[in-house]
Amino acid sequence: MIALSILLATLQQPTLPPLPLARTDTSPFRRLELPTPTLIREGSGRPGPQYWQQRADYTIAVSLDTATHTIAGRETIRYTNNSPDTLRYLWLQLDQNLFREDSRGSALTPPDARFAARGFKGGFEIGFVRAVRPSARPATGRTDLKTMENGTLMRVELDRPLAPRGGLVSLEIGFSFQVPEHGADRMGREQFPGGWLYEIAQWYPRLAVYDDVRGWNTEQYLGQGEFYLEYGKIDFAITVPRGFIVAGTGRLTNSLEVLTAEQRGRLARALQSDSTVAIIAKNEVGQPSSRPVGTGALTWRFSAQNVRDVAWAAAPNFIWDASGWKGILMQSFYPPVADSIWRESTRMVRHSIKHYSEKWFQYPYPTAINVNGPVGGMEYPMLVFCANRRSREGLFGVTTHELGHEWFPMVVGNNERLYAWMDEGFNTFINIYSAREYFPDQAWLRARGQAEQWAQFAARGIDEPGITPADRVTPELLGQVAYNKPATGLYLLRHAMLDSTRFDTAFRAYIARWAFKHPTPADFFRSFEDGVGEDLSYFWRGWFLRTDVVDQAADSVRTRRDSASGTTLTGIFLSSPGGLPMPVDLRLTFADASVENTRLPVEIWFEGDHFTYVRAFEKELVKVEIDPDKNFPDVRRQNNSWSKSQGARP
Ligand SMILES: [Zn+2]
């Protein structure tokens, strides 16, 4: 009985309509998924009360052999484990290994064949790696540690576990390497009539970063991607032939030994001077009187606080000049053959440091140095390498760019190897205003950061996501993807989407919150939103994580009479076929030639990519233009206007 009734019920079942399809939120406005906030990295974008990072202090002493172009010496690293983890091994970065013939980076960018033929053998030679512990008997205070190399990285096995939350280990490492002539355009050497000029960086084994996000950061150094380093205090000593002048990150701590009394006096005057003072004038270069009396090599000593790296340069023929601002010594070092525009370098340095300090965050270091040599343009704490440029504008451009890196990534220490947009891009953005202030009358500078220049590139369809690690970006596109696009994005926020007051407040807060720390993209997104009071998920996603484009269209206009009120309503049919929604700037022209400008908020796209803007106008609408001032990077302006005379868009 029961079975039969079920059967009958089944037979009598009517035909069912299909089930409604399940949907997910695919709107460009859906909240960006970010890592879950913690007390280390908070939902507000601030470092939390449990924020920690490791500390690496170095004492380094090396000699430069100018006959073999070899740097050899040793370092002591005092590594403080502030993490909550016990560490049994450490990873160190051996960036010089990029220049080994068989390195992974060499496979990507083969070294100059002529160069290899001259017997150059790149890469670190590691003499020893030891743990050093205070001991009554010095002989037992040192233990050789086992190591394992992996390309540009070296794993060091600790003989005793390194305790969490403050455990300290001291390592002593002996190392040497031959200086490559062109070290991935980040370091190198060049021969001048007076001798070799050396620009030295990535020159000592450095701790890889151990952080709360990924543990050890062990990306190989392949050449295109830059660096991620721990903060600390670095004291270093460079021994060079007596005729050499050394420029280095930090304070020169033994000027009594390496400078003449005259030079020390000039430096003291320069520190108080708004204008440039010669420390070694052109006619003094290479003269015996420009060196302290005596014989034998000289050791130059430098000390730097709150730095993630140090670099230096040495040459027997540097012209050296300097000036000062607020106790900061601005310096330039350049060979006599440098273009005469280098006489303006120190002025450019001073302008840049002052400008960025006043606009964004006070420069926290005692000196800023520009060195002319073979490296095209590269940044290190307090010191940058800039090659000759043909024009004042060119030299200023590279100088203010490299010095802008003192803010990103030297102060705000992001992971450059993964997120070049957070240093190159942010820096390129702040460069715009530094250049406009230095060259107030040059109209061409106005194009920097403008939406239109980006739209022209984006329209080509070859853009790559800004979040892509530098080593995976097509080299020819790196300038667009890692520099121009993020800079234009910030410019768009500051000038078109938000306003400069809100932008500047939030951007300064991000810098201050993450100064001398390690922010991630999520920390930036959150901190910035927290500061400006907007959910910018759609913008972060479309602009930085994807390659969505802006395309806004004025499709048509229709009018209808509202029978109840008797008024005529005009509907302006707009659409946003591009994946990246933006506010809409409308210019409406009426039959009597009057014009109304209005802005529709980005929220008009909440319900989809079509929107009808309805208004009751007193006059007849004859023309609609979207974004007439070109504030937004619209890739298809052909669909931006509608006019009545043509019945549709022209
Ligand atoms: Zn750069």
Side-chain angles (χ1 to χ4, degrees), residues 95 182-188 199 201-202 221-229 249 307-309 311 313 345 348-349 351-353 355-356 360-361 363 365 368-389 393-435 438 445 448-449 464 466-491 507 511 519 521 524 544:
D95 306 78
H182 307 285
D185 206 30
R186 305 206 194 285
M187 58 163 308
E199 290 182 319
Q202 295 89 48
Y221 180 39
L222 298 172
Q224 191 157 283
E226 294 187 327
F227 308 101
Y228 188 32
L229 298 157
T249 296
V307 286
R308 36 177 267 167
D309 200 3
S345 164
M348 294 172 176
V349 172
H351 165 89
S352 301
I353 297 297
H355 169 87
Y356 298 134
W360 304 114
F361 185 83
Y363 186 70
Y365 299 122
I369 306 168
N370 195 9
V371 179
N372 175 313
V375 175
M378 188 58 205
E379 68 278 11
Y380 297 98
M382 305 182 219
L383 181 148
V384 300
F385 298 146
C386 296
N388 271 329
R389 292 297 193 278
E393 290 81 359
L395 179 61
F396 178 82
V398 66
T399 300
T400 210
H401 175 82
E402 304 313 336
L403 289 171
H405 278 302
E406 299 303 332
W407 282 261
F408 311 101
M410 303 312 163
V411 168
V412 182
N414 74 295
N415 183 339
E416 302 176 89
R417 202 157 290 173
L418 292 185
Y419 308 117
W421 63 275
M422 293 177 73
D423 54 280
E424 295 299 354
F426 289 10
N427 179 25
T428 302
F429 167 72
I430 66 173
N431 301 160
I432 294 169
Y433 307 98
S434 170
Y438 199 77
L445 281 171
R448 297 265 175 92
E464 295 175 4
I467 200 82
T468 314
D471 287 305
R472 288 201 278 115
V473 175
T474 305
E476 300 75 47
L477 298 183
L478 192 70
Q480 291 290 358
V481 175
Y483 295 65
N484 187 23
K485 186 175 189 181
T488 306
L490 296 186
Y491 194 89
F507 200 55
I511 299 171
F524 169 70
F544 293 104

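Residue numbers count from 1 along this sequence. Indexing begins at 1, ligand by ligand and atom by atom, following the structure's order.
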- Query: Of the options F408, W360, F361, which is the one that meets F426 in a ring pair (Phe, Tyr, Trp, His ring centres under 6.0 Å)?
  - Reply: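 Option passing the ring pair (Phe, Tyr, Trp, His ring centres under 6.0 Å) with F426: F408.
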- Task: Output yes if D423 passes the N/O/S-under-2.8 Å test against the Zn ion (ligand 1); output no otherwise.
- Result: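 No - counting backbone and side chain alike, D423 has no N, O or S atom under 2.8 Å.
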- Would you mind naming the N, O or S atom of E424 nearest to the Zn ion (ligand 1)?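 The closest N, O or S atom of E424 to the Zn ion (ligand 1) is OE1.
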- Task: For the Zn ion (ligand 1), find the closest N/O/S atom on H405 and give its atom name.
- Result: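 Closest N, O or S atom of H405 to the Zn ion (ligand 1): NE2.
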- Query: Between H351 and F396, is a ring pair (Phe, Tyr, Trp, His ring centres under 6.0 Å) present by the stated rule, with each step listed?
  - Reply: CA-CA 10 Å; H351 165 89; F396 178 82; 5.6 Å; yes
- Message: Tell me which pairs pass side-chain hydrogen bond (donor to acceptor under 3.5 Å, both in side chains) where either residue lies in residues 409-419, with sequence neighbours left out.
- Response: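 Found N217-N415, R308-E416, N414-D423.
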- Message: Quick check: do Y356 and Y433 have side-chain heavy atoms less than 4.5 Å from each other?
- Response: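 Not touching, per the 4.5 Å side-chain cut-off.
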